[in-house]
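Structure record follows, encoded as structure tokens.
Read the numbers this way: they start at 1 and go in the same order the structure lists the ligands and their atoms.
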Amino acid sequence: MSNIFADIIDRKIPADIVYEDELCLAFKDVNPQAPVHILLVPKKEIVSIATVEPEDKEVLGHLLVKAREIAEQAGVTEGGYRLVINTNADSGQSVFHLHIHILGGKRMGWPPWAN
Ligand code: 5GP
């Protein structure tokens with residue numbers, strides 16, 4: 001299945017890549033909602049959290065460990081940051097390739113929805 005993040009992983013379209021290894025890729029969001037807004041995606045084409053399987057445990061754990069490192073590298077650990085995984089329509093998910101938003105560099109409100 002084709003999607004824009006798979007095209008970024010395959011270098012068919014450009015992105016500002018900040019981290020890569022055999023399981024995942026991280027790149028800056030093209031429409032940042034905070035001073036730091038990085039998307040962390042598995043190279044495996046998982047559609048969303050709603051479709052993960054037990055066999056995805058390793059990659060999901062890997063993503064969280066890498067999220068910690070990427071946030072540290074981006075300099076937002078002390079100030080704080082938020083990890084967001086939008087899932088299906090009500091959340092606003094627009095790209096159907098699992099991704100973790102790493103957001104930081106500003107004070108964020110709670111609850112997270114606008115209006
Ligand atoms: P979602 O709404 O699915 O949780 O998040 C999708 C995110 O992908 C949005 O924040 C959007 O700005 C970002 N995005 C969409 N297309 C591209 C692209 O081509 N390049 C990059 N770097 N980010 C993208």
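- More than 12 heavy atoms of other residues, nucleotides or ligands shown are found within 6.0 angstrom of CZ on R82.
- Atom CG of D10 sits in a crowded spot, with more than 12 heavy atoms from other residues, nucleotides or ligands closer than 6.0 Å.
- Scored by the side-chain contact (heavy atoms from CB on, under 4.5 Å) test, K43 finds I9, E20 as partners (sequence neighbours excluded).
- Residues passing the ring-ring contact (aromatic ring centres under 6.0 Å, His included) test with F27 are F5, sequence neighbours excluded.
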Do any nitrogen or oxygen atoms of ligand 1 lie under 3.5 Å from a protein nitrogen or oxygen, and which ones?
residue  : atom   : partner : partner atom : Å
ligand 1 : 2 (O)  : G92     : O            : 3.0
ligand 1 : 2 (O)  : S94     : N            : 3.4
ligand 1 : 2 (O)  : S94     : OG           : 3.0
ligand 1 : 3 (O)  : S94     : N            : 2.7
ligand 1 : 3 (O)  : S94     : OG           : 3.2
ligand 1 : 3 (O)  : V95     : N            : 3.0
ligand 1 : 3 (O)  : H99     : NE2          : 3.0
ligand 1 : 4 (O)  : N86     : ND2          : 2.8
ligand 1 : 4 (O)  : H99     : NE2          : 2.9
ligand 1 : 4 (O)  : H101    : NE2          : 2.8
ligand 1 : 5 (O)  : H99     : NE2          : 3.0
ligand 1 : 5 (O)  : H101    : NE2          : 3.3
ligand 1 : 10 (O) : D29     : OD1          : 3.3
ligand 1 : 10 (O) : D29     : OD2          : 2.5
ligand 1 : 12 (O) : D29     : OD1          : 2.5
ligand 1 : 12 (O) : D29     : OD2          : 3.4
ligand 1 : 22 (N) : K28     : O            : 2.9
ligand 1 : 22 (N) : V30     : N            : 3.3
ligand 1 : 23 (N) : V30     : N            : 3.3

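- Side chain to side chain, H99 and N86 fail the donor-acceptor criterion of an N or O pair below 3.5 Å.
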Determine all donor-acceptor pairs shorter than 3.5 Å in which one atom belongs to a side chain in residues 100-111; sequence neighbours excluded.
residue : atom : partner : partner atom : Å
H101    : ND1  : H37     : NE2          : 2.8

